[in-house]
Amino acid sequence: MSQDGPNTGRGAVASVPPMRPASDFFRPLAVGAPQPLREVPVRPSRMIHFLDPGNAKMAAKVPGLIGTVDVLLGNLEDGVRAEHKPAARAGLVRIARTTDFGSATQLWARVNSLDSPWVLDDLTTLVAEAGDRLDVVMVPKVQGAEDIHYLDRLLAQLEARAGLTRPILVHAILETARGVANVEHIAGASPRMQGISLGPADLAADRRMKTTRVGGGHPGYLVRQDPPATPLGGRAQGAGVPGERAAFQQDLWHYTIARMVDACAMHGILPYYGPFGDIADVVACEDQFRNAFLLGCVGAWSLHPVQIDIARRVFSPSAADVAHARRVKAAMGDGTGAVMLDGRMEDDASLKQCMVILELAERLAATDPDLARLYAGEPADQEG
Ligand code: GLV
Ligand code: MG
């Protein structure tokens, strides 16, 4: 490894993405495997709640989380000690087999990375023993479409052997520089692709960024106001005193999230913010989640119960946004032309923006009675 780290790009070759004829894209990859889905199911996934399934205290809390979290994820990867991996795997199978998840909560698993000594056991065990309960497998450190192709075939073989009738979907974590460079290929690599999450901790390390935080901003990553100008346009005294000029933190993750959102939107899959590690800083967590929501993400990870409500609040449109979208829709009639509402121009394009809000609100309200009441104009806890 050079001092600059392993990702210097030396040895990289320009490669053409592998071609699959359109007619083959939706064919099962093993005889007897379930038919791949043509569209990602649009069940709510505002918070992907992480738990260590080998931890008895955490596992005991599962029944209380059903119906409260959109996604419950059994984590087998980072955060679980090597000697506890088998217990975590067995615990996840037990939770999957003994829990009624109802219609509002999905079960996902984060398996170990594809180069690890544990992933083959993770996949073979989970598909054989709990494949009919598992909605999505989250795969860490995905580097390119080749990782998804490997998984795609392996899952098809395992599904066929287990006699599954519904394909298990795949969610990639974007946490290597190569993964970011290949994100469009990853998003479109298989009809199994459900979505992609930002993995800011591993990504920071892989890129050799100099932050030690898990997601969020950094006080050193900022833009500072210009020094006050003298009447002749020169530099005023005090130009070198930072405190006298306003400074604003910038978002370290803006580029990656925006790129991930475009890749996902282009392929009809779903983008997510990943973990926010400063559990105590609920304000910054909410800000970071909201940035991701505004940019197009549908959810984020919750690492602690306190982040569940933050994600629910942030990733559900506000009552005010829904009311505004309904007004625009009503005013726009057949959807063409332009109208003025409260001094603002609305037209075909702004109606489409409003439809994004309305469709999301309708989908969420279908499984969240509090939101249904809120959007119907009845009092509820939710605020925008
Ligand atoms: C998540 O896995 C991360 O590395 O941030
Ligand atoms: Mg990671």
Side-chain angles (χ1 to χ4, degrees), residues 5-7 45 47-54 58 71-82 84-85 88 92 108-119 122 136-144 147-148 151 170-183 186 193-218 221 251-261 263-264 270-279 281 284-285 287-289 291-292 295 297-304 307-308 310-311:
N7 299 313
S45 47
M47 71 298 292
I48 302 168
H49 189 65
F50 270 54
L51 103 157
D52 173 356
M58 280 196 192
V71 175
L72 191 68
L73 178 143
N75 176 35
L76 307 182
E77 200 223 7
D78 292 355
V80 177
R81 294 175 65 89
H84 293 154
K85 301 266 186 201
L92 181 51
W108 293 19
R110 180 168 80 163
V111 296
N112 287 284
S113 61
L114 295 178
D115 59 355
S116 76
W118 307 291
V119 66
D122 292 344
V136 173
V137 169
M138 181 185 274
V139 190
K141 302 171 179 72
V142 172
Q143 301 274 20
D147 286 343
I148 304 300
L151 204 57
V170 169
H171 181 110
I173 313 180
L174 199 56
E175 50 186 355
T176 66
R178 182 142 79 87
V180 175
N182 289 329
V183 65
I186 293 169
M193 284 301 298
Q194 177 275 343
I196 301 181
S197 285
L198 171 75
D202 270 303
L203 182 55
D206 194 65
R207 280 177 172 161
R208 308 192 76 71
M209 290 166 69
K210 307 301 182 292
T211 164
T212 54
R213 300 170 174 208
V214 176
H218 191 290
Y221 193 73
D251 189 346
L252 282 169
W253 305 107
H254 177 81
Y255 153 74
T256 314
I257 294 178
R259 185 150 178 210
M260 174 180 76
V261 167
C264 288
L270 306 174
Y272 298 77
Y273 191 83
F276 187 87
D278 190 347
I279 308 296
D281 193 350
C285 174
D287 291 340
Q288 190 84 154
F289 284 6
N291 286 353
L295 274 181
C297 290
V298 301
W301 301 3
S302 51
L303 303 181
H304 184 278
Q307 295 181 340
I308 295 173
I310 298 175

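Ligands are counted one by one from 1 in listed order, and the atoms in each one are counted from 1 as well.
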**Q** Among R110, H171, E175, which one satisfies side chain to side chain donor-acceptor pair (under 3.5 Å) with S197?
**A**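 Testing S197 for a side chain to side chain donor-acceptor pair (under 3.5 Å) against R110, H171, E175 leaves exactly one candidate, H171.
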**Q** For the NE2 atom of H304 and the CG atom of D278, what is their distance to the nearest 0.5 Å?
**A**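 Nearest 0.5 Å value for the NE2-CG distance: 12.0 Å.
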**Q** What I'd like to find out is whether the side chain of V298 reaches to under 4.5 Å of the side chain of S45, using heavy atoms alone.
**A** yes
**Q** Report the distance from atom CD1 of I257 to atom CD1 of I196, rounding to the nearest 0.5 Å.
**A** 12.5 Å
**Q** Any side-chain heavy atom of V71 sitting closer than 4.5 Å to one from Y272?
**A**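 Sidechains of Y272 and V71: no contact.
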**Q** Taking 4.0 Å as the limit for heavy-atom contacts, which would you say applies to P140 with ligand 1: side chain only, backbone only, both, or neither?
**A** neither
**Q** Is there a polar contact, in the sense of an N or O pair closer than 3.5 Å, between D202 and ligand 1?
**A** yes
**Q** Does the residue G274 have a heavy-atom contact with ligand 1, meaning some pair of atoms that are separated by less than 4.0 Å?
**A**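 Not so, G274 does not reach ligand 1.
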**Q** Can you find a heavy atom in the side chain of L203 that is under 4.5 Å from one in the side chain of L174?
**A**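 Counting from C-beta outward, L203 and L174 never come under 4.5 Å.
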**Q** Suppose the cut-off is 2.8 Å; which protein N/O/S atoms would you list for the Mg ion (ligand 2)?
**A**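 Short answer, with waters excluded from the count: E175 OE1, D202 OD2.
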**Q** I'd like to check Q143 versus N182 (side-chain heavy atoms, cut-off strictly below 4.5 Å). Are they in contact?
**A** no
**Q** Locate the shortest heavy-atom distance separating W253 from G216; write the atom from each residue and the value.
**A**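 Smallest interatomic distance, heavy atoms only, reads NE1-O, 3.0 Å.
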**Q** Output all residues satisfying side chain to side chain contact (heavy atoms under 4.5 Å, CB included) with A88, sequence neighbours left out; order by chain, then residue number.
**A**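 So A88 forms a side chain to side chain contact (heavy atoms under 4.5 Å, CB included) with D52, P53, L76, V80.
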**Q** Does P200 offer a backbone N or O that forms a donor-acceptor pair with the side chain of R213 under 3.5 Å?
**A**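 No: the side chain of R213 does not pair with the backbone of P200.
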**Q** With heavy atoms only and a cut-off of under 4.0 Å, state how R110 meets ligand 1: side chain, backbone, both or neither.
**A**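 Under 4.0 Å from ligand 1, R110 contributes side-chain atoms alone.
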**Q** Quick check: does P275 get an N/O under 3.5 Å from an N/O on ligand 1?
**A**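 Such a contact does not occur with ligand 1.
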**Q** For E175, take its heavy atoms, then give the atoms of ligand 1 lying under 4.0 Å from any of them.
**A** 1 (C), 2 (O), 3 (C), 4 (O)
**Q** List the closest protein heavy-atom neighbour of atom 5 (O) of ligand 1: residue, atom name, distance to the nearest 0.1 Å.
**A**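 The closest heavy atom on the protein side is A201 N, 2.8 Å.
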**Q** Is it true that K141 and D202 make a salt bridge, defined as a side-chain N closer than 4.0 Å to a carboxylate O?
**A**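 Looking at D202 together with K141, the answer is yes, because their closest N to O distance falls below 4.0 Å.
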**Q** Just jot down the ligand 1 atoms closer than 4.0 angstrom to any heavy atom of W301, in number order.
**A** 1 (C), 2 (O)
**Q** Counting each atom of ligand 1 from 1 as listed, which ones have a heavy atom of G199 under 4.0 Å away?
**A**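 It comes down to these atoms of ligand 1: 1 (C), 3 (C), 4 (O), 5 (O).
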**Q** Can you tell which part of F276 has a heavy atom less than 4.0 Å from ligand 1: side chain, backbone, both or neither?
**A** neither
